[in-house]
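Everything on this sheet refers to the single structure shown next.
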Amino acid sequence: MPLVLYNTMTRRKESFEPLDPDRVGMYVCGPTVYDRAHIGNARPVIVFDLLYRLLKRLYPNVVYVRNITDVDDKINARARDNGEPIAALTARTTQAFHEDIAALNALPPDVEPRATAHISHMIALIETLLARGHAYEAEGHVLFSVPSMADYGQLSRRSQDEMIAGARVEVAPYKRDAADFVLWKPSSDDLPGWDSPWGRGRPGWHIECSAMSKEYLGITFDIHGGGQDLVFPHHENEIAQSVCAHGQPFARYWLHNGYLMVEGEKMSKSLGNFFTVRDLLDQAPGEAIRLAMLSTHYHQPFDWTAEGLRQARATLDRLYLALRNTAEIRPKGRDNLPIEVLAALKDDLNTPLAIAHLHDLAGNLNKATKPEEKAKWKGALLACGDVLGLLQQDVEAWFRWTPAGGTELTDEAVDALVQRRIEARAAKDFAEADRIRKELADHGVLLEDGAGGTAWRRS
RNA sequence: GGCGCGGUGGCAGAGUGGUGAUGCAGCGGACUGCAAAUCCGCGUACGGCGGUUCGAUUCCGCCCCGUGCCUCCA
């Protein structure tokens with residue numbers, strides 16, 4: 001049962017066979033650090049985190065590289081608007097990014113290279129492209145010559161004629177060909193810049209990924225991922241740069257997550273449906289956001305909705321309840337991922353199917369009567385959680401989560417009321433017991449009387 | 001205009017050439033002081049029209065609808 005991945009380059013599912021099974025390399029395009037991560041940024045983070053977890057389970061050594069783009073015109077513009085130094089903006093935003101995605105249970109990549117720390121690598125790459133006749137200088141810029149690459153456009157399946165016909169942006173006069181793109185551009189004194197053979201300047205958008213992927217993964221490596229919107233021009237141009245510079249293949253498998261929409265519409269600030277990850281973490285646990293994202297296959301368009309988030313929370317309630325109801329059982333076989341779930345994930349990360357199996361496991365756990373059966377199903381459920389990045393937290397912590405600025409009762413106040421109700425029930429004062437239940441319910445706290453006492457959770 | 005992606009039951013969302021996942025919501029039952037949770041049972045869905053086939057939601061064609069990209073947005 002091989003790992004099968006949908007390769008954008010070939011537009012079909014392919015068996016994944018790493019170049020070197022002892023060192024699997026994956027490069028994913030990371031954030032441009034000028035603002036808080038939004039919900040659309042979260043999808044590739046979560047999707048490729050899952051792939052990373054799966055790869056680590058299948059191969060002994062996986063190197064996951066996700067860059068930080070900390071030189072960019074949007075950064076420059078934002079720093080100017082904020083009246084703060086660029087370095088302060090990028091440092092602050094990078095830290096916020098790390099906090100946000102950690103809350104989504106995304107593991108840190110093995111390497112997280114920053115563009116500004118690799119300028120010399122980019123310059124060297126550009127020099128190679130110039131030397132090989134794939135780039136040219138013009139008015140302080142260095143441009144990649146698209147016509148110099150015979151098979152440009154393979155990934156996005158565009159012919160150069162089409163691109164010219166469809167071009168709707170005014171072509172800079174110094175470009176020899178409308179499709180040529182910038183490798184290096186001049187910087188004025190008020191902008192970030194580095195000395196180069198072409199004067200003080202800064203890199204174009206695409207070159208950093210070509211330079212840094214080679215640095216950490218080599219010229220040819222296994223997997224390159226990102227959002228579908230990066231297929232063109234970003235990934236296409238990365239391929240052009242890397243292949244033309246090195247004369248060898250670049251990434252072998254290209255994976256792209258589908259677009260994200262919000263309540264059926266494109267997310268945009270003007271529509272008022274623009275959410276940052278931070279906004280959502282105030283409303284729901286990060287784990288619920290993660291599960292919501294994984295409820296749709298990564299390749300499909302994903303529609304972010306309040307209802308979807310509610311369902312994700314309900315699903316996690318169900319799974320955590322199965323764990324809570326067997327709190328006294330020590331799980332067994334947690335290292336053994338159930339075969340159905342492994343098979344689902346190995347089939348191009350079929351997370352919806354894997355989640356369906358999670359429900360089966362929870363059902364089995366709920367139905368089990370013998371302790372050894374419970375231990376087995378509980379271990380299986382937790383094993384799935386480990387690879388999916390779910391069910392990692394303390395069960396009670398899950399049920400006690402409160403939204404930011406919530407006016408709910410404190411945990412202590414709930415405990416005190418629960419205790420009073422226990423006493424009322426012991427005295428057969430069911431009117432008082434029901435009154436307390438009602439009072440708690442009005443504050444979003446649900447009670448569950450079980451054999452082992454009364455448990456509560458916030459709804 | 002060019003190049004893509006998608007349309008599955010009330011909702012979300014897998015999957016498959018023929019015994020039609022899973023969850024949420026809903027209904028009925030068991031259990032419970034009452035609940036909740038849990039368990040049991042219940043829903044003949046696959047955008048439209050053709051074609052191939054013994055048989056299509058699944059393959060092919062056309063159409064309709066939604067959505068994305070087309071040089072710096074994950």
Side-chain angles (χ1 to χ4, degrees), chain A residues 8 11 28-32 37-48 69 72-74 144 146 153 156-159 161-172 175 178-182 185 204-206 225-234 236-237 256-261 264-268 292 295-297 299-303 305 307-315 317-319 321-322 324-325 344 347 350-360 362-363 365-367 425 428-431 433-434 437-438 441 446-451 454-457 459:
Chain A
T8 306
R11 306 285 161 105
V28 176
C29 291
T32 299
H38 63 252
I39 187 70
N41 300 121
R43 173 121 105 140
V45 168
I46 291 168
V47 164
F48 290 103
T69 299
D72 178 274
D73 287 352
K74 286 192 297 297
F144 183 91
V146 168
S156 56
R157 304 207 170 181
R158 287 159 205 260
S159 74
D161 293 344
E162 284 163 5
M163 286 183 288
I164 293 164
R168 60 182 184 189
V169 171
E170 197 175 333
V171 177
K175 286 188 182 181
D180 293 348
F181 56 91
V182 171
K185 54 189 166 187
W205 177 32
H206 316 296
Q228 203 149 40
D229 55 325
L230 293 181
V231 171
F232 187 87
H234 184 53
E236 197 69 78
N237 290 348
H256 293 95
N257 60 275
Y259 306 111
L260 180 133
M261 304 202 302
E265 293 182 299
K266 180 177 180 175
M267 179 171 72
S268 74
S295 298
T296 297
H297 184 89
H299 204 251
Q300 298 275 83
F302 178 81
D303 192 13
T305 62
E307 171 60 17
L309 181 59
R310 188 200 64 76
Q311 282 209 18
R313 289 192 69 176
T315 296
D317 278 341
R318 173 172 150 82
L319 300 179
L321 276 167
R324 176 191 250 182
N325 291 338
D347 183 11
N350 191 338
T351 49
L353 186 57
I355 292 165
H357 290 311
L358 238 53
H359 283 288
D360 286 343
L365 177 56
N366 287 332
K367 277 178 277 194
R425 290 182 73 212
K428 304 281 186 204
D429 184 355
F430 294 121
D434 289 349
R437 178 200 292 288
K438 175 75 164 52
L446 302 179
L447 298 184
E448 283 160 14
D449 297 326
T454 296
W456 61 268
R457 60 190 170 106
S459 58

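Proteins get letters first, then strands, A, B, ... in listed order; numbering begins at 1 in each.
Residues Gly363(A) and Arg318(A) come closest through the heavy atom pair N-NH2, 4.0 Å. Contact between Asn41(A) and His38(A) at its shortest, heavy atoms only, is OD1-N, 2.7 Å. In terms of heavy-atom proximity, Pro352(A) sits nearest to Thr296(A) at CG-C, 3.9 Å. Between Gly227(A) and His256(A), the closest heavy-atom pair is O-CD2, 3.4 Å.
Considering only side-chain atoms of Thr32(A), the nucleotide from A74(B), U22(B), U71(B) that sits closest is A74(B). Comparing atom distances between the Lys367(A) side chain and each of A14(B), C40(B), U38(B) picks out C40(B) as nearest. Comparing A14(B), A36(B), C72(B) by their closest approach to the side chain of Pro352(A) singles out A14(B). Candidate nucleotides A37(B), C5(B), U71(B) were compared by shortest atom distance to the side chain of Asn237(A), and U71(B) ranks first. Checked against A36(B), A74(B), U71(B), the side chain of Glu448(A) finds its nearest nucleotide in A36(B). Among C34(B), U71(B), C11(B), the nucleotide with an atom closest to any side-chain atom of Asp449(A) is C34(B). For Asp434(A), the listed nucleotide lying nearest its side chain is G33(B); candidates were G6(B), A21(B), G33(B). Listed candidates were A74(B), U67(B), A14(B). Nearest to the side chain of Thr296(A) is A14(B). For Leu260(A), the side-chain atoms get nearest to A74(B) when compared with the rest of A74(B), G33(B), C24(B). Distance from the side chain of His359(A) is smallest for G23(B) among the nucleotides A74(B), G33(B), G23(B).
An aromatic stack links Phe430(A) and the base of G33(B), using centre distance under 5.5 Å and interplanar angle under 30°.
Taking 4.0 angstrom as the limit, Ser295(A) places none of its side-chain polar atoms (N or O) nearer than this to OP1 or OP2 of A12(B). Within the 4.0 Å cut-off from OP1 or OP2 of C72(B), not a single side-chain nitrogen or oxygen of Lys185(A) is found. Residue Gln228(A) has no polar side-chain atom (N or O) positioned under 4.0 Å from OP1 or OP2 of U67(B). For A14(B), the OP1/OP2 oxygens have no side-chain nitrogen or oxygen of Asn350(A) closer than 4.0 Å.
If you measure from atom NZ of Lys175(A) to atom P of C72(B), you get 8 Å, rounded to the nearest angstrom. Put simply, CG on Leu230(A) is 13 Å from C1' on G68(B), counting in whole angstrom units. Counting to the nearest Å, the P atom of A12(B) and the CD atom of Glu307(A) are 9 Å from each other. Rounded to an integer number of Å, the gap from His256(A) NE2 to G68(B) C1' is 14 Å. Atoms CD (Gln300(A)) and C1' (G4(B)) sit 14 Å apart, rounded to a whole Å. Counting to the nearest Å, the P atom of C11(B) and the CD atom of Gln311(A) are 12 Å from each other. His297(A) has its NE2 atom 12 Å from the P atom of G7(B), to the nearest Å. Taking atom CG on Asp229(A) and atom P on C70(B), their separation rounds to 8 Å, with Å as the unit.
Across the interface with RNA chain B, nearest-nucleotide mapping of Pro233(A) and Gly226(A) shows Pro233(A) to be the residue nearer the 5′ end. Heavy-atom distances to RNA chain B give each of Asp303(A) and Ala362(A) a nearest nucleotide, and the one nearer the 5′ end belongs to Asp303(A).
Distance noted for atom C1' between C69(B) and A36(B): 49 Å (whole Å). Taking atom C1' on both nucleotides, A21(B) is separated from A14(B) by 6 Å, rounded to a whole Å. For the P atom pair drawn from U38(B) and G4(B), the interatomic distance equals 47 Å after rounding to whole Å. Taking atom P on both C5(B) and G61(B), the two are 13 Å apart, rounded to the nearest angstrom. Taking atom P on both G48(B) and U32(B), the two are 48 Å apart, rounded to the nearest angstrom. Distance noted for atom C1' between C63(B) and U53(B): 23 Å (whole Å). The C1' atoms of U22(B) and U8(B) are separated by 14 Å, rounded to the nearest whole Å. Rounded to whole Å, the C1' atom of A25(B) lies 15 Å from the corresponding atom of G13(B).
Across all strands, Leu358(A) comes closer than 4.0 Å to no nucleic acid atom at all (heavy-atom distances). Nucleic acid contact for Gly450(A): none, since no nucleic acid atom lies under 4.0 Å from a heavy atom of the residue. Across all strands shown, His234(A) has no heavy atoms under 4.0 Å from either base or sugar-phosphate atoms. Leu447(A) comes within 4.0 angstrom of a base, heavy atoms only. Heavy atoms of Arg437(A) sit under 4.0 angstrom from at least one base atom. At the heavy-atom level, Arg324(A) lies nowhere under 4.0 Å from the strands shown. Within the nucleic acid shown, Glu236(A) has no heavy atom closer than 4.0 Å to any nucleic acid atom. Among the protein residues, Asn366(A) comes within range of the sugar-phosphate backbone only, with heavy atoms under 4.0 Å from sugar or phosphate atoms but none that close to a base.
Judged purely by atom type and a 3.5 angstrom limit, Asp449(A) has no side-chain atom pairing as donor or acceptor with the backbone of Thr454(A).
Across all strands shown, G9(B) forms no Watson-Crick or G-U wobble pair with both distances under 3.5 Å. Under the Watson-Crick or G-U wobble criterion, with both distances below 3.5 Å, C27(B) is paired with G41(B). Base pairing annotation: U67(B) forms a Watson-Crick or G-U wobble pair with G4(B), both donor-acceptor distances under 3.5 Å. The partner of U32(B) is absent, by the rule that a Watson-Crick or G-U pair needs both atom distances under 3.5 Å. Base pairing analysis places U52(B) opposite nothing; no Watson-Crick or G-U wobble pair with both distances below 3.5 Å involves it.
Residues forming a side-chain contact (heavy atoms from CB on, under 4.5 Å) with Thr315(A) (at least two apart in sequence, or on another chain): Leu291(A), Leu319(A), His359(A). Applying the ring pair (Phe, Tyr, Trp, His ring centres under 6.0 Å) criterion to Trp456(A), with sequence neighbours excluded, gives no partner residue.
The base of G4(B) lies outside donor-acceptor range of the side chain of Arg157(A), with no N or O pair under 3.5 Å.
Using a 30° and 60° split on the angle between ring planes, Phe181(A) and Phe144(A) fall in the parallel class, below 30°.
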Determine, stepwise, if the pair Phe302(A) / Asn257(A) fulfils side chain to side chain contact (heavy atoms under 4.5 Å, CB included).
CA-CA 9 Å; Phe302(A) 178 81; Asn257(A) 60 275; over 6 Å; no
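Counting heavy atoms from C-beta outward, Phe232(A) and His234(A) have side chains that stay 4.5 Å or more apart.
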